[in-house]
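Let me begin by presenting the structure, written as structure tokens, before commenting on it.
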2 protein chains.
Amino acid sequence: MVRQGTRQRILEVAEDLLQHRGWAGFSYQHIAERLGIRSAAVHYHFPSKTDLGVALLRRYRSSFNWWCEQLRQRQAPPEVCLEGFFALERRYMDEGKVCPLGVLGVEAEGVPAAVRDEARLLAGDVLRWLGRVLEQGEAQGVLHVAGTPASHALALMSSLQAGLQLARTLGPEAFYTLLEQQREQLGLSRRRRAALGG
Amino acid sequence: MVRQGTRQRILEVAEDLLQHRGWAGFSYQHIAERLGIRSAAVHYHFPSKTDLGVALLRRYRSSFNWWCEQLRQRQAPPEVCLEGFFALERRYMDEGKVCPLGVLGVEAEGVPAAVRDEARLLAGDVLRWLGRVLEQGEAQGVLHVAGTPASHALALMSSLQAGLQLARTLGPEAFYTLLEQQREQLGLSRRRRAALGG
DNA sequence: GTCTATAGAGGGATAGAC
DNA sequence: GTCTATCCCTCTATAGAC
């Protein structure tokens, strides 16, 4: 089967496997089986697992930055940006996935240095963007930021990252509880508004 | 070498390896090498990796519950209990470890069901204890609890769990920032008191 | 681009000697 | 309780045919 998009499809499957099974938990065979090809064909596109991991993380970054750019062009207000971010994480939750940065943090000592370096860049992008959104929201008076925008951004990301992991052990409520709590702290919660109004 | 404590030493090494390399990232060989024995000897004590995992998680539980019992007997006030918990997590940080519940969350799909069940019990114990401490602290007016004690307990655990993971990617400051933020929210921060006083 | 075939390493697990 | 030896499997990676 000669397809020009195989490289992209490999990355799609690899992304899914990484967030379901972890770095050490997926192999070239797993990818090949899902695509109906042989593992040697995967090695043609990504000679080593390090190459695959680096490409995968660059793909996360470019996806995320493209998504941010879309919001920027639409001049989305800070609350909308945050709800968009929550929706991304919630989608991971619904698909049974965890955050890739959590995966690489947990398995860091078995992950090639080149892949860890890319993870650092991705974490930087996400935190920088979140920090700017919080800063804007605070300036506009539509969000309540605790501490500095940077430290609140870190708290936000941490809460959802661990929430996805704990949901696997304790059930989905763990994630939803944490998500709602983050909204409350930001002054975005419907429940809180209802409670204050009533 | 005939030692009666080999079983315990295996569990100590396994605990260290789990928190450094993850579930899939450590093997009977790794354990054997560190103890100067053969992997077959490890299989004598724990026939399968599932047995080892279950024993390991029960050990975490009994250690934690023993630690809680010590605090209870000393009638430690809620603030002291929390600082003790922070010290445990900070110790993981200093040793380059991540939280075992984070490891099992990330790698859940490759972890035997029996081991996951034990992880659920451990998470329950920790959250129940944290929730009670927060409840007491709130009743005594020495801690500020956001939302319910149970949801705040979840937030506390999440923040530190993800903090340990992110520290591996972003450096130790990530963890310390999150820890200090949790203290501030609880009204335990020295910095905050200084700021309010000055 | 994909295949078959295979090398070489490592992991989980067991049998049986000591 | 620990050893040697071994089995069988999976994994990463490569060579070379098609």
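For the numbers below, each heavy atom of this structure counts, side chains included, while hydrogens, waters and symmetry mates do not. The sequence lines fix the lettering, A, B, ..., with proteins before strands; numbering per chain opens at 1.
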Rounded to whole angstrom units, what separation is found between the NE2 atom of B/His45 and the P atom of C/dA13?
-> 16 Å
Should we count CD of A/Glu69 as having more than 12 external heavy atoms under 6.0 Å?
-> yes
Out of C/dT2, C/dT4, D/dC3, whichever nucleotide has its closest atom nearest the side chain of A/Arg38 = C/dT4
Going by atom types only, do A/Asn65 and A/Ser62 share a side-chain donor-acceptor pair under 3.5 Å?
-> no
Should the pair A/Arg183-A/Glu180 be classified as a salt bridge under the 4.0 Å nitrogen-to-oxygen rule?
-> yes
Can you find a side-chain donor-acceptor pair between B/Gln161 and A/Gln161 that sits under 3.5 Å?
-> no
Take the protein atom CZ of A/Arg9 and the nucleotide atom C1' of C/dT2, then report the distance between them rounded to whole Å.
-> 14 Å
Just by modelled atom types, is the B/Ser48 backbone N or O under 3.5 Å from a matching donor or acceptor in the B/Asp51 side chain?
-> yes
Using only side-chain N and O atoms of A/Tyr44, determine if any of them is under 4.0 Å from OP1 or OP2 of C/dG1.
-> yes
Polar-atom pairs under 3.5 Å, protein N or O versus N or O of nucleotides 11-18 of chain D: list them with distances, or write none.
residue, atom, partner, partner atom, Å
D/dT12, OP1, A/Lys49, NZ, 3.2
D/dT12, OP2, A/Tyr28, N, 3.1
D/dA13, OP2, A/Lys49, N, 2.8
D/dA13, N7, A/His43, NE2, 3.1

If the plane angle is over 60° it's perpendicular, under 30° parallel, otherwise tilted; pick one for B/Phe85 and B/Trp129.
-> tilted
